[in-house]
S.K.: 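Starting off with a structure, shown below.
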Amino acid sequence: VALHRKIDDDLLEEIEEILITSDIGVDTSLAVIENLRRRVSRDHLSDPAKLKSLIRDELKMLLDGGQNPDSADFFSFSQKPYIIMVVGVNGTGKTTTIGKLASLFTRGGKKVMVAAADTFRAAASEQLEIWAQRSGSQIVQQQSGADPAAVAYDALDAAAARGTDVVIIDTAGRLHTKVNLMAELEKVNRVLANKIEGAPHETLLVLDATVGQNAKRQVEEFSKAVDLTGIVLTKLDGTAKGGVVIGIAGEFNIPVRFIGIGEQVDDLEPFNAGAFVDAIFA
Amino acid sequence: ELSRKLDSVFKKIKGQGKLSEDNIKEALRDVRRVLLEADVNFRVAKKFIQAVQEKAVGREVVRSITPGQQVVKIVYDELSRLMGQSAADLHFSNIPPTIFMIVGLQGSGKTTFVGKLAKHLRSKGHTPLMVAVDIYRPAAVKQLQTIGKQLDISVFFEENTNPVDLSKKAISFSRHNGQDCVILDTAGRLHIDRAMMDELVEIKKTVSPNEILFVADGMTGQDAVKAAEEFMQQLDFNGVVLTKMDGDARGGAALSIKAVTGKPIMFFGTGEKFDALEIFHPDRMASRILG
Ligand SMILES: Nc1nc2c(ncn2[C@@H]2O[C@H](COP(=O)(O)OP(=O)(O)OP(=O)(O)O)[C@@H](O)[C@H]2O)c(=O)[nH]1
Ligand SMILES: Nc1nc2c(ncn2[C@@H]2O[C@H](COP(=O)(O)OP(=O)(O)OP(=O)(O)O)[C@@H](O)[C@H]2O)c(=O)[nH]1
Ligand SMILES: [Mg+2]
Ligand SMILES: [Mg+2]
């Protein structure tokens with residue numbers, strides 16, 4: 001967005017391209033541009049730089065709308081063990097994110113246990129086992145093909161016996177369109193809830209930053225099966241902007257908690273709406 | 001759906017004999033929106049709409065169908081034309097082994113596709129060897145070895161060897177053991193990771209694959225072109241595989257990738273099991289994108 005230009009249709013089209021290519025989506029982009037047009041004529045704006053900061057503020061406001069204040073501190077909780085379930089479609093980075101999250105907790109002095117409730121995909125529990133070692137957490141796993149709900153149940157038993165502070169449950173990637181797989185997830189959720197009141201205390205949906213408008217469908221369907229309390233947006237170290245979360249924040253009120261910025265154990269950061277929006281215009 | 005949407009646009013333009021630039025403009029705005037909502041890249045959609053406009057303007061309005069349906073037909077035909085005429089075939093080497101190199105971003109479905117491709121090749125009478133060249137991701141080698149056991153297909157791996165040497169050793173292994181197809185399962189990587197992209201270039205230079213296939217997640221949004229372009233620049237891959245097409249993503253990434261690379265889409269991944277592999281159908285893809 002060049003300096004010393006007047007605010008005209010070309011500039012607005014340029015802004016539209018930035019918004020849409022960030023995966024913000026047509027409806028949200030058009031709404032933002034429309035508000036912009038109104039502001040420009042109402043306030044007789046002529047400085048393009050002012051435009052950019054207006055959009056930044058509006059996008060940030062849409063995002064903040066999704067972060068409700070009492071979900072402010074992810075790391076302050078009183079339940080023991082604190083149960084976190086991680087869900088999402090295939091290949092988004094759930095298992096890796098769990099390794100990173102577990103490490104955050106153990107570095108904070110907490111006793112962590114991870115549960116290998118992906119009993120379907122080849123070497124899924126072996127993969128989680130390595131992350132357990134890297135993060136200094138315990139792991140509960142069963143043989144391949146075991147009932148995921150049984151693994152989750154086992155983990156809760158083991159956690160109670162060992163005075164574990166945090167249990168993180170890794171689930172298999174699944175497309176939200178697969179009715180039987182979503183039912184399986186509901187069952188895991190139910191088993192946890194029946195065993196410990198209020199469990200799982202957090203259910204994180206992991207979204208790949210490269211995902212397009214299908215992200216909305218994923219949030220819709222996963223919300224029906226489980227109570228989503230947060231989103232983790234991964235692979236933001238790539239070139240994708242992950243703008244889908246802006247529309248999602250407005251529509252579903254689910255806060256983005258963390259972003260994944262790499263494949264190593266430290267590559268997880270708390271979500272910062274300002275930095276996120278700045279990156280869209282970078 | 002699209003043609004009904006466009007009909008309401010054309011209802012306002014009564015009794016016109018030709019499709020004119022004006023009466024098409026609004027219809028094409030709707031088409032553009034449909035494409036963008038289907039995750040077609042912004043610039044690809046823009047070029048596409050311009051091409052459709054050129055084809056549509058001045059056309060005689062066909063009596064048997066509405067102008068809206070007519071525009072849809074032009075859009076549909078242009079989309080199918082862009083997607084490619086029909087499925088392209090795999091290139092096999094005259095002197096075995098035929099070497100396949102599977103590349104792409106993290107989590108796109110490469111390892112799973114390697115299993116599917118191996119199973120597919122065996123069903124065609126070949127003897128495939130899968131090679132675990134991902135030495136980075138935790139349990140990646142184990143994952144491929146497990147798949148090998150499930151499919152009863154050989155997997156090659158050697159400890160303490162880098163991906164370039166691994167690939168070379170796998171090829172000489174296949175010559176001694178009679179496998180006529182070698183499939184290299186490489187680690188997922190970012191197209192902006194200089195060192196990792198160099199590694200792929202190095203593997204290509206060392207073993208000269210017959211087929212390099214770029215595996216992309218079917219639900220990718222606007223970013224699809226960035227990775228595809230960079231992998232294209234560095235490797236000049238032969239074909240594209242679009243995975244997770246068993247979901248409800250519209251798959252606009254297919255058009256975007258085809259438009260910017262010109263490379264054929266060879267296969268669809270349509271599930272997690274190893275028989276979930278489909279040959280690409282351009283016209284089916286066009287209907288899916290148009291919703
Ligand atoms: N660059 C980058 N890669 C990531 C990130 N998070 C995960 N990955 C990579 O993405 C790939 C998939 O990660 P997994 O953790 O196996 O994903 P998953 O969701 O558990 O996959 P399934 O269980 O098969 O559904 C791996 O290669 C990871 O290293 C990230 O933030 N950045
Ligand atoms: N539903 C569905 N899932 C798929 C398909 N292809 C792969 N998957 C799943 O996607 C996830 C990732 O697949 P992988 O084969 O591990 O992906 P990858 O590209 O090798 O991942 P990295 O090596 O980490 O880059 C797994 O859960 C697979 O089962 C597909 O066509 N449909
Ligand atoms: Mg996993
Ligand atoms: Mg892999």
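The basis for the numbers below is simple: all heavy atoms, side chains too, and nothing from hydrogens, waters or symmetry mates. By convention in this document, chain letters (A, B, ...) are assigned in the order of the sequence lines, proteins followed by strands, and residues within each chain are numbered from 1.
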S.K.: Between atom CZ of B:Phe42 and atom CD of A:Glu13, what is the distance when rounded to the nearest 0.5 Å?
M.R.: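 So the CZ of B:Phe42 and the CD of A:Glu13 are separated by 5.5 Å.
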S.K.: Between A:Thr95, A:Thr96, A:Leu175, which has the largest tally of heavy atom pairs under 4.5 Å with chain B?
M.R.: A:Leu175
S.K.: When you measure from the side chain of B:Asp39 to the backbone of A:Gln213, do you find a donor-acceptor pair of N or O atoms at a distance under 3.5 Å?
M.R.: yes
S.K.: Does B:Arg288, at its CZ atom, have more than 12 non-hydrogen atoms belonging to other residues, nucleotides or ligands within less than 6.0 Å?
M.R.: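 More than 12 within 6.0 Å, yes.
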S.K.: Holding to side chain to side chain contact (heavy atoms under 4.5 Å, CB included), I want the full list of residues that pass it with B:Val141, two or more places apart in sequence or in another chain.
M.R.: B:Ala132, B:Gln145, B:Phe157
S.K.: At a heavy-atom distance under 4.5 Å, which candidate from A:Gln218, A:Arg134, A:Arg217 has the highest pair count against chain B?
M.R.: A:Arg217
S.K.: If we only count heavy atoms from C-beta on, is the A:Val89 to B:Met219 side-chain gap below 4.5 Å?
M.R.: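 Side-chain contact under 4.5 Å: yes.
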S.K.: Decide if atom CD of B:Glu158 counts as having more than 12 heavy atoms of other residues, nucleotides or ligands within a radius under 6.0 Å.
M.R.: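 Above 12, so yes.
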S.K.: Is any side-chain heavy atom of B:Leu36 closer than 4.5 Å to a side-chain heavy atom of A:Ile20?
M.R.: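 Yes, close enough: below the 4.5 Å cut-off.
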S.K.: Hey, which residues of residues 242-252 of chain B are touching chain A, say heavy atoms under 4.5 Å apart?
M.R.: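 Listed by number, the contacting residues are B:Lys244, B:Asp246, B:Gly247, B:Asp248, B:Ala249.
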S.K.: What residue in B:Leu190, B:Thr146, B:Asn41 has the most heavy-atom pairs under 4.5 Å with chain A?
M.R.: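 Of the candidates given, the most pairs with chain A belong to B:Leu190.
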S.K.: Whether B:Arg32 and A:Glu16 form a salt bridge (side-chain N of Lys/Arg under 4.0 Å from carboxylate O of Asp/Glu) is what I want to check.
M.R.: yes
S.K.: What part of A:Lys178 lies closer than 4.5 angstrom to a heavy atom of chain B: side chain, backbone, both or neither?
M.R.: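 A:Lys178 touches chain B through side-chain heavy atoms alone.
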S.K.: Could you tell me whether a side-chain N or O of B:Lys142 sits under 3.5 Å from a main-chain N or O of A:Glu126, the two making a donor and an acceptor?
M.R.: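 Not confirmed, B:Lys142 side chain does not pair with A:Glu126 backbone.
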S.K.: Quick one: of A:Asp237, A:Leu128, A:Asp208, who has the most non-hydrogen atom pairs under 4.5 Å with chain B?
M.R.: A:Asp237
S.K.: Please give me the minimum heavy-atom distance between B:Ala139 and A:Ala123, naming the atom from each residue.
M.R.: O-CB, 3.9 Å
S.K.: Less than 4.5 Å to any heavy atom of chain A: does that hold for the side chain of B:Arg189, its backbone, both, or neither?
M.R.: neither
S.K.: Given that the side chain runs from C-beta out, which part of B:Lys226 has a heavy atom under 4.5 Å from chain A: side chain, backbone, both or neither?
M.R.: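 Interface part for B:Lys226: side chain.
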S.K.: Could you state the interatomic distance from CG (A:Leu30) to CZ (B:Arg33), rounded to the nearest 0.5 Å?
M.R.: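 A:Leu30 CG to B:Arg33 CZ: 5.5 Å, rounded to 0.5 Å.
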S.K.: Can A:Glu263 and B:Arg137 be said to form a side-chain contact (heavy atoms from CB on, under 4.5 Å), step by step?
M.R.: CA-CA 8 Å; A:Glu263 303 186 70; B:Arg137 167 177 154 154; 5.6 Å; no
S.K.: I need the minimum non-hydrogen distance between A:Asp23 and B:Gly221, along with the two atoms involved.
M.R.: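 Result for this residue pair: OD1-CA, 3.6 Å.
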S.K.: Supply the atom-to-atom distance A:Lys235 NZ to B:Gln106 CD, rounded to the nearest 0.5 angstrom.
M.R.: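 One finds 6.5 Å between NZ of A:Lys235 and CD of B:Gln106.
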S.K.: Between CD of B:Gln222 and OG1 of A:Thr239, what distance do you get to the nearest 0.5 Å?
M.R.: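 Rounded to the nearest 0.5 Å, the CD-OG1 separation comes to 11.5 Å.
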S.K.: Say you draw a straight line from CZ of A:Arg174 to CD of B:Glu272; how long is it, rounded to the nearest 0.5 Å?
M.R.: 9.0 Å
S.K.: Please check if atom CG in A:Asn180 has more than 12 non-hydrogen atoms from other residues, nucleotides or ligands closer than 6.0 Å.
M.R.: yes
S.K.: Measure A:Glu129 against the heavy atoms of chain B and call it side chain, backbone, both or neither at under 4.5 Å.
M.R.: neither
S.K.: Need one label for B:Lys149: side chain, backbone, both or neither, based on atoms under 4.5 Å from any heavy atom in chain A.
M.R.: neither
S.K.: Just wondering, are more than 12 heavy atoms of other shown residues or ligands nearer than 6.0 Å to NZ in B:Lys46?
M.R.: no
